[in-house]
Structure formats: C-alpha cells, structure tokens
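So the structure is just underneath, and the comments pick up after that.
Naming: A, B, ... by sequence-line order, numbering from 1 per chain. Remember, it's a predicted structure, so these values are computed and weren't measured experimentally.
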Amino acid sequence: MSRKPLSDLPPNLTLYVNNLNDKINVETVKKSLREVFAAFGGITDIVAMKSLKRRGQAWIIFKEVSAATNALKSLQGFPFYNKPMRINYAKTKSDAVAKADGTYVERPKKIVKREDLRKGKTATPAPAASAAPAAAKPAEASKPTPSQKSIQDRIGWNPQQTVTAPKAVAAKPTGVTEPNKTLFVENLPSEATDTMLSMLFRQYPGFQEVRLIPGRNVAFVDYQNEYQAGMAMQGLQGFAMTPEVKLSLSYARK
DNA sequence: AGCACA
C-alpha cells in the first residue's frame with residue numbers, strides 16, 4: 001500500500017508556500033509566517049516579495065529538513081489571513097543554504113544582450129547551485145523542535161481537520177486574524193490609562209479612540225480603516241510600556 | 001497562477 005506523498009518534490013530545507021493573501025503587507029506576512037512556522041524548528045530566513053510575479057508566495061528556509069517536513073505536514077491548508085496555505089518543498093536550494101554549505105555561486109545578472117534584444121530574448125541565467133535533495137548537514141545547532149501539540153495549543157489548529165474540511169476550521173488563530181480597523185491590545189501594564197494609551201496610538205493617522213477593558217490588561221483601539229490600523233500595529237508592536245512589559249497587538253476579531 | 005534570493 002503506497003501512500004500519497006506529502007509532496008511531489010524531494011524534501012528540501014526550504015518550503016514553498018503559496019495561496020497567501022496578497023492584500024496583506026509582505027512584512028506583516030513574513031512576521032506572521034515566522035510566528036507560525038517557528039513552532040517546528042529553527043528558521044534561517046523567510047523570503048517574500050510583493051512584485052507581480054512573486055506576491056502571494058513565500059519561501060521558508062529551515063535549519064533542518066525534519067522541521068520543514070513537520071511544518072509541511074502540520075500546516076498544510078492552515079487558514080492564514082483567511083486563505084488556506086498551500087505548502088510544498090521548494091524546487092531549488094535557497095541561496096542562504098547554498099551560502100552556508102559553500103555551494104553558492106553568484107547568480108548571473110539578467111543582462112539583455114543587444115542581439116537578443118533584437119530577437120526579443122533575454123539572457124538565460126544558468127541555474128545556480130543545483131537542487132540536490134538538501135544534503136542534511138548532520139552537525140547543526142538543533143534547537144529542540146516543539147511538539148506538534150504545542151503549536152496546536154498556540155494557534156488552535158488541528159491538522160486532522162483539514163483532511164476532510166479545511167474550510168470548516170475557520171477558527172481565527174491567535175495572531176493571524178484578518179485585518180480589522182480595530183486593534184486588540186494585550187499585555188498592558190496594570191498602570192495603563194486611557195490617556196496614556198491615546199498618547200501612544202494617536203501618533204498614527206486615522207486614530208479614533210481607545211477602549212481600555214477594566215481589570216483585564218487589554219484594550220481595543222479603533223482606526224478609521226484597517227490599513228491605518230495595520231500601520232499602527234506595525235509601529236507599536238512590542239512597544240515597551242515599561243522595561244519589562246511589551247505591548248502585544250493584533251487585529252480584533254470580527 | 002506565479003519557485004526567489006535586492
């Protein structure tokens with residue numbers, strides 16, 4: 001009995017993720033991807049860009065193939081900014097890993113030669129380091145991979161449920177909610193006051209009001225639109241209210 | 001839909 005392979009591509013340190021919501025600012029997406037994927041192991045880098053050809057996709061570069069494989073299995077179809085992530089192994093080796101294992105060769109710049117210009121052709125870049133099935137370097141600083149249980153706890157996602165009905169798992173996971181003009185502020189110091197918070201949040205255009213929830217160290221902050229809310233979120237994420245207390249911001253649930 | 005590396 002042969003089972004359906006996880007991927008039609010050979011395992012790779014890098015995962016290729018697409019079907020990402022390209023309405024979301026790429027930096028925001030990268031940050032959220034990191035939060036979600038880091039639960040499976042060390043991440044070297046995440047590459048995502050917003051150009052026409054590259055939007056909606058990201059490359060997650062892991063330190064260990066096993067981590068990539070676990071993430072691939074567990075997060076397949078994970079609802080991320082309201083779209084199920086589609087995950088595969090990357091086709092080729094990332095530059096970052098080629099650099100690390102010494103096989104990196106400078107990528108030829110796309111130079112258009114005059115003759116080719118006439119013919120309407122562009123210089124064909126020779127493929128760089130080949131996509132050899134990530135020769136897993138055994139000696140690698142390996143941070144213990146958190147159990148699958150832990151990520152389910154953190155993001156409220158049970159991979160089993162995707163098999164039959166990925167859409168049914170619409171539960172908005174923590175930290176990956178869809179954009180909203182209202183922000184949810186957590187981890188406030190108990191000394192926080194409305195005035196204090198408006199000072200902070202009114203620096204960002206579109207500010208409307210802040211609602212501190214008594215006794216919960218939590219507040220809601222309204223902006224005129226979700227874009228402005230997003231800007232404020234980026235600007236104030238992790239803001240140190242006191243040396244030991246840092247704000248945690250997300251979009252409020254709808 | 002789209003496999004990049006600024």
Check whether the side chain of S94(A) and the base of dA4(B) form a donor-acceptor pair under 3.5 Å. yes
Can you tell me the distance, in whole Å, between the CD atom of Q57(A) and the C1' atom of dG2(B)? 4 Å
Please report, rounded to the nearest Å, how far the C1' atom of dC3(B) is from the CG atom of N18(A). 9 Å
What contact category does D45(A) fall into here, base, sugar-phosphate, or nothing, at under 4.0 angstrom with non-hydrogen atoms? nothing
Hey, does I60(A) reach any base, or is it just sugar-phosphate, or nothing, if we go heavy atoms under 4.0 Å? nothing
Look at the aromatic rings of F220(A) and F184(A) and report parallel, tilted or perpendicular, splitting at 30° and 60°. tilted
With the side chain defined as heavy atoms from C-beta on, N88(A) is closest, among dG2(B), dC5(B), dC3(B), to dC3(B)
dC5(B), dC3(B), dG2(B): which one has an atom nearest the side-chain heavy atoms of L9(A)? dC3(B)
Starting from the 5' end of DNA chain B, give me the residue, Y89(A) or K50(A), whose nearest nucleotide shows up first. Y89(A)
Tell me whether F239(A) is reachable from F207(A) by hopping between hydrophobic residues (I, L, V, M, F, W, Y) whose side-chain heavy atoms are closer than 4.5 Å. yes
Looking at K181(A), R202(A), R211(A), which one forms a salt bridge (charged side-chain N to carboxylate O under 4.0 Å, His left out) with D222(A)? R211(A)
Go through dG2(B), dC3(B), dC5(B) for me and flag the one nearest to the A90(A) side chain. dC3(B)
Atom-to-atom span, NZ of K93(A) to P of dA4(B) - whole angstrom: 17 Å
Give a yes or no on whether a salt bridge exists between D22(A) and K50(A), defined as a side-chain N under 4.0 angstrom from a carboxylate O. no
Using whole Å, report how far CH2 of W59(A) lies from P of dG2(B). 12 Å
Nearest-Å distance for atom pair CZ/P, residues F62(A) and dC5(B): 21 Å
Could you state the atom-to-atom distance from CD1 of I46(A) to C1' of dC3(B) in whole Å? 16 Å
Considering just the side-chain nitrogens and oxygens of R54(A), establish if one lies under 4.0 Å of OP1 or OP2 belonging to dA1(B). no
Which of the following nucleotides, dA4(B), dC3(B), dA1(B), is nearest to the side chain of D22(A)? dA1(B)
Determine, stepwise, if the pair V17(A) / F80(A) fulfils side-chain contact (heavy atoms from CB on, under 4.5 Å). CA-CA 11 Å; V17(A) 181; F80(A) 191 74; over 6 Å; no
Ranking Y16(A) and K99(A) by the position along DNA chain B of their nearest nucleotide, the one closer to 5' is Y16(A)
For L15(A) and dA4(B), give me the distance from atom CG to atom P, rounded to whole Å. 16 Å
Which whole-number value in Å describes the distance from E106(A) CD to dC5(B) P? 12 Å
